[in-house]
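Note sheet for the following structure.
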Amino acid sequence: MSTETGTGTSTAPARSADTPFRYGAARADEIERRWQERWAREGTFFAPDPGEPGSEREKVYLLDMFPYPSGSGLHVGHPLGFIGTDVLGRYLRMTGYNVLHAMGFDAFGLPAEQYAVQTGTHPRATTEANIVRYREQLTRLGLAHDPRRSVATTDVDFYRWTQWIFLRIYESWYDDEQRRARPVAELEAEFAAGTRPIPDGRPWAELSVLERRDLIDSFRLAYVSEAPVNWCPGLGTVLANEEVTADGRSERGNFPVFRRNLKQWMMRITAYADRLAADLDRLDWPDSVKAMQRNWIGRSEGARVQFPVVGAPAQIEVFTTRPDTLFGATYMVLAPEHPLVEQIVPGAWPVDTDARWTGGAATPAEAVAAYRAAAARKSELDRQESRDKTGVFTGAMAVNPVDGQAIPVFVADYVLMGYGTGAIMAVPGQDQRDWDFAEAFGLPIIRTVAPPAGWQGEAYTGEGPAINSHNDDVSLDGLDVADAKRLITDWLVGRGAGEAVVQYKLRDWLFSRQRYWGEPFPIVWDEHGPVPLPDDRLPVELPDIADYAPRTYDPDAADTEPEPPLSRATEWVDVELDLGDGPRRYRRETNTMPQWAGSCWYYLRYLDPHDEKFFVDPEIERYWMARDPSRPGDPGGVDLYVGGVEHAVLHLLYARFWHKVLYDLGEVSSEEPFRRLFNQGYIQAYAYTDPRGAYVSAEEVVEDDTSPTGFAWNGTPVAREYGKMGKSLRNVVTPDEMCARYGADTFRLYEMSTGPMEVSRPWSTRDVVGSQRFLQRVWRNLVDEATGETRVSDAEPDDDTLRLLHRTIAGVHADFRALHYNTAAAKLIELNNHLTKAGVAVPRSVAEPLVLMLAPLSPHIAEELWARLGHENTLAHGPFPVADERWLAAESIEYPIQVNGKLRSRVTVAADADREAVQAAALAEARIAETLAGREPRKVIVVPGRLVNVVI
RNA sequence: GCCGGCGUACUCCAACUGGCAGAGAGGCUCGGCUUAGAACCGGGACAGUGCGGGUUCGAAUCCCGCCGCCGGCACCA
């Protein structure tokens, strides 16, 4: 490889005979590859761990949401965030920080498996090929990652520790009193010692071995349960709530999802609902993401109230946020799946039962059975689509505890088993859903909050004084909603009929999938239930099997059963193991973990990627992640996490949950994984369709005034739409193309300069040339295009140049820190334009800071120019210019002069002039004096350094 | 329906705690040079901040009411 410093000769093909040393794509390519090789060779971006030289510097841990290595490679939208973190990391490294920045791959998951099924290759082969391709693409961009720390979730050495963490969660329970997770061994010890009562009241010693096991299992944070889950026949797997869209379809593939009772692995994330919600206040995250998480966790305060059932030894417990409306409860509703339904249904309809209530059935049992069957057949989608109120009377009556009234109990699917207690008291006067149901079934409506005068609506949910709300003992009448809630709750508590509670919408996390390409569980089954494998049996490797395709079904076949591909690996599944009580036969767990598992902790593995003793060494974790005692309430964690907003509730909630468990167990020192989160915008693109609606190649579309749409493709008018970049939309632009046409430095600079990081914006290939021109001008200012000689002068820059230089330095520092790369780039362009216009050789004392400031954005050309300026070492570790205060203050200031807020004139005054002097100068200025014509202004406002406003 | 966010030249975007609406890029246009018809050099034009009020000496910025767009949640009791 030819090295080219000083007056070296070019190997790059030149466009022009006159300017063989011009900066262009070919030269950029040569420079970039050479420097990338050198960085790799010298380990320039290795981040020292505690104890290693360099670790005494202040540390910064920057993190990107690691990509899923898809088969189609990167398009120009993907690296936006990666480049953004890289710019910050390079800037911080140059200013003296120990920066940790690494990149890994989230490589388990559905698409690899689906692609593998289509092509007949093993998912591991396609995944590894994709990772190689991604690494090439990312390396080409000159990202300053520590290459030693790259991990993929599919590496056996990585998922071994994913399994290890699973076991820690499995071996834990949540102590509600101490509000933290603890090992189940401690729970068992408390039961055995009698310091913690056993739910059924018996002493521990009287429990059989299996009873003890069931009891402990019921406390675990990872547990198996038979519960309603989201079954997606089209994908052949069950899904977490977070993976199902609002309209009851799978986020991936858009297949219908059905609620089915299935035995699956769950994680008790609900135990952490309060901490997950409360600790959001301690995070430096975008408000929108915090709002989404709060919304998902769904904390609401209210009361639980018991309603005794007439003639049955049962109570219906409801949750309500409006206990103040209890006097208006005129009926009750149980969810169709509610277990109490069977117990309360009487043998026959009460006399005079309204015909509308029976569903035409002869007995309540028949009516309920028919209704339940119909409800079970409905997909989530059907249930969402029709909001008409349906239901049947159970034949049972319940007693309203506040007034002793017997009210009818219905079953209706507008009440969901998964929220609250699965039962409600219905208050049509103050709830529109109940109002609709009451209208449909002819039920009474009592208002207990007075609506405002002239109220035309139906249910009134707003504020107002309570009415119709008293019994012999207590009266809410006249109280506002908040006071009424307090009073009636106290009254219920006093009567033992209710209690104040906090309710969450969040449900436990469904953690198993019927997939091949995921982490196997470190669990085997004996004839009784699950048995954890000891740590020294890890990793449980994914076996190679011939047929790894998931068993999928007709998307609407709700009654099908999930079938994990691993269940076909019979030799792997049936094992004989000695787990401490002699060799026994076991059956391995054949489900695999969801894709989210690896991403719940990968950021910890970057810290200590090759450790065989720890998932992360505690000392290393403390160095990079610990809480900052100088910041009150700081939870610790990654210093900056950058990624798209699409993971607001999925990955970001799951990772917080795992991290908190690890914190409770003493495995990490930080309470949160990501102390600061930043959502970068998306790069979007135009797509074009021809009159038949088919997408045409966006690159070949031209603006055309003769086309009714303004755009044409091969002479055909095409319609433009704006959105994502995608293969099927035929508008993909790849970083590879951009690097080939302009170079990585130009591409990076373009992406950073079109707008602030958080803003989504359209991709525009033709604009990229602007960034190329700037780099070309910088190059031309420092390198003779004809001879290749570096040309800077040793002359002192003039004062104007020095002022601009130092203003630029100060501004660029602030911009980089604030992630305002677009304005940093603008300031550098401005400085360079100034140097160009000066028309003289650039003074070295200006050229060097310019090159250094450019380095975070366009590192290769900066390194090259730095070397050509005579420096042997990389600029990756600085120096970075520091602004000189003396040159930040202007000598004189031009004050705009406003008259009554309108700009009328200007006056130039010495920078150190005081307020009076500025005022005097302004009033003496010719146009202002003329306007005043001898009158005294009513008022003169002088804003030092800003402007003068004369009020007449 | 509820909760977020955003509206500035033709386009993408600047404007610190209210203080000269314009930093930067593209496009357009004129000229130079010319091998430059998306990579050359130099010059130029183009808006008054979605709409209507209010506060203020002064509002893109703060407040109120609309309009439009984007995102999230949604039979959650």
Side-chain angles (χ1 to χ4, degrees), chain A residues 15-19 22-25 246-247 286-292 294-296 298 300 302 318-322 325 333 383-384 386-389 412-416 418-427 430-434 436-437 503-505 645-646 648-649 703 741-742 746 749-750 753-756 758-777 780 785 811 814 818 820 822-830 833 836-837 894-904 906 937-941 943 945-952:
Chain A
R15 183 170 177 97
S16 157
D18 294 342
T19 56
R22 173 163 291 171
Y23 180 79
D247 58 356
D287 287 337
S288 59
V289 176
K290 287 190 189 182
M292 279 187 247
R294 281 202 189 92
N295 195 349
W296 191 262
S300 55
V318 303
F319 171 73
T320 177
T321 55
R322 293 297 302 276
T325 63
V333 183
R383 209 160 156 158
Q384 304 275 353
S386 163
R387 300 230 164 157
D388 293 340
K389 295 291 176 288
D413 67 0
Y414 81 95
V415 172
L416 310 174
Y419 185 72
T421 61
I424 63 159
M425 64 175 203
V427 186
Q430 272 78 231
D431 185 293
Q432 188 59 43
R433 295 158 298 179
D434 297 344
D436 294 342
F437 191 88
Q503 183 71 47
Y504 296 94
K505 227 161 67 176
V645 74
E646 71 271 19
V649 280
E703 283 184 48
R741 281 166 70 174
Y742 301 102
T746 296
L749 183 68
Y750 169 73
S753 59
T754 49
E758 65 272 23
V759 168
S760 293
R761 56 211 115 135
W763 175 262
S764 173
T765 296
R766 70 177 183 183
D767 291 7
V768 178
V769 65
S771 296
Q772 171 97 97
R773 281 181 192 146
F774 164 58
L775 294 181
Q776 203 168 64
R777 287 172 189 155
R780 184 182 303 123
E785 288 185 337
H820 293 169
N822 54 326
T823 51
K827 289 181 174 84
L828 295 176
I829 292 168
E830 205 181 345
N833 286 349
T836 306
K837 285 199 175 112
E894 187 186 52
Y895 279 86
I897 310 173
Q898 295 181 339
V899 175
N900 293 341
K902 297 262 183 343
L903 181 66
R904 285 290 178 260
R906 312 171 168 276
R938 293 227 320 260
K939 197 172 174 186
V940 180
I941 290 134
V943 184
R946 284 290 181 186
L947 55 46
V948 181
N949 189 11
V950 181
V951 186
I952 304 177

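Numbers restart at 1 for each chain; the letters A, B, ... are given by sequence-line order, proteins then strands.
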What are the two closest non-hydrogen atoms of P896(A) and L903(A), and how far apart are they?
CB-CD1, 3.6 Å
Does V759(A) reach a base, just sugar-phosphate, or nothing at all? Heavy atoms under 4.0 Å.
sugar-phosphate
So which one's nearest nucleotide on RNA chain B is more toward 5', A25(A) or D434(A)?
A25(A)
In chain order, what residues pass the salt bridge (Lys or Arg N to Asp or Glu O under 4.0 Å) check against D434(A), with sequence neighbours excluded?
none
Rounded to whole Å, please give me the gap between CZ in R294(A) and P in A74(B).
18 Å
When we call it a touch if two heavy atoms are under 4.0 Å apart, what does S760(A) touch: a base, just sugar-phosphate, or nothing?
sugar-phosphate
Those residues at least two apart in sequence (or on a different chain) that pass salt bridge (Lys or Arg N to Asp or Glu O under 4.0 Å) with E894(A) are R906(A)
So if I take every side-chain heavy atom of T765(A) and compare against C73(B), C20(B), A38(B), which nucleotide ends up nearest?
A38(B)
Under 4.0 Å, heavy atoms only, any strand: does P756(A) hit a base, just the sugar-phosphate, or nothing?
sugar-phosphate
Closest-nucleotide 5' rank along RNA chain B - winner of P896(A) and T836(A):
P896(A)
If the P atom of A60(B) is compared with that of A77(B), how far apart are they to the nearest Å?
42 Å
Shorter than 3.5 Å, N or O on both sides, protein versus nucleotides 23-27 of chain B: list them out with atom names.
{"from": "A23(B)", "atom 1": "O2'", "to": "E830(A)", "atom 2": "OE1", "distance (Å)": "2.9"}
{"from": "G26(B)", "atom 1": "OP1", "to": "R773(A)", "atom 2": "NH1", "distance (Å)": "2.5"}
{"from": "G26(B)", "atom 1": "O2'", "to": "D767(A)", "atom 2": "OD1", "distance (Å)": "2.2"}

Nearest heavy-atom neighbours spanning I424(A) and Y414(A)
CD1-OH, 3.8 Å
Starting at the 5' end of nucleotides 3-9 of chain B, put B wherever the base has a protein heavy atom under 4.0 Å, S where only the sugar-phosphate does, and a dash everywhere else.
-S-----
Would you please enumerate the stems RNA chain B participates in, each stem being three or more consecutive Watson-Crick or G-U wobble pairs with both distances under 3.5 Å?
B:1-7 with B:67-73, B:10-12 with B:24-26, B:28-32 with B:40-44, B:50-54 with B:62-66
When you compare A14(B) with G22(B), how far apart are their C1' atoms, in angstrom units rounded to a whole number?
7 Å
Looking across every strand, which nucleic acid part, if any, lies under 4.0 Å from Q776(A) by heavy atom: base, sugar-phosphate, or nothing?
sugar-phosphate
Could you state the CD-P distance from E758(A) to C70(B), rounded to the nearest angstrom?
20 Å
The criterion is salt bridge (Lys or Arg N to Asp or Glu O under 4.0 Å); which residues satisfy it with R780(A), sequence neighbours excluded?
E785(A)
For R904(A), report the nucleic acid contact type (base, sugar-phosphate, nothing); a contact means any heavy atom under 4.0 Å.
nothing
Would you classify T325(A) as touching base, sugar-phosphate or nothing, given that sugar-phosphate means primed atoms plus P, OP1 and OP2, and contacts are heavy atoms under 4.0 Å?
nothing
How long is the line joining CG of L947(A) and P of A15(B), in whole Å?
19 Å
Main-chain N/O of I952(A) paired with N900(A) side-chain donor or acceptor, under 3.5 Å
yes
Distances for protein N/O vs nucleotides 55-59 of chain B N/O pairs under 3.5 angstrom?
{"from": "C57(B)", "atom 1": "O2'", "to": "N949(A)", "atom 2": "ND2", "distance (Å)": "3.3"}
{"from": "C57(B)", "atom 1": "O2", "to": "N949(A)", "atom 2": "ND2", "distance (Å)": "2.4"}

Can you list the residues that meet the side chain to side chain donor-acceptor pair (under 3.5 Å) rule with R294(A), with sequence neighbours excluded?
D281(A)
Could you tell me which residues satisfy side chain to side chain donor-acceptor pair (under 3.5 Å) with T421(A), sequence neighbours excluded, listed by chain and number?
none
Pairwise C1' distance for C12(B) and A23(B), with rounding to whole Å:
14 Å
Any cation-pi pair here, K389(A) with F437(A), using under 6.0 Å and within 45°?
no
Expressed in whole Å, how much space separates the P atoms belonging to C33(B) and G50(B)?
45 Å
Checking Y419(A) now: which residues fulfil side chain to side chain donor-acceptor pair (under 3.5 Å) with it, not counting sequence neighbours?
S300(A)
Nearest-angstrom distance, P atom, G54(B) to U49(B):
16 Å
Counterpart residues, side chain to side chain donor-acceptor pair (under 3.5 Å), relative to T746(A) (two or more places apart):
Q772(A)
Residue list, salt bridge (Lys or Arg N to Asp or Glu O under 4.0 Å) with R777(A), at least two apart or on another chain
none
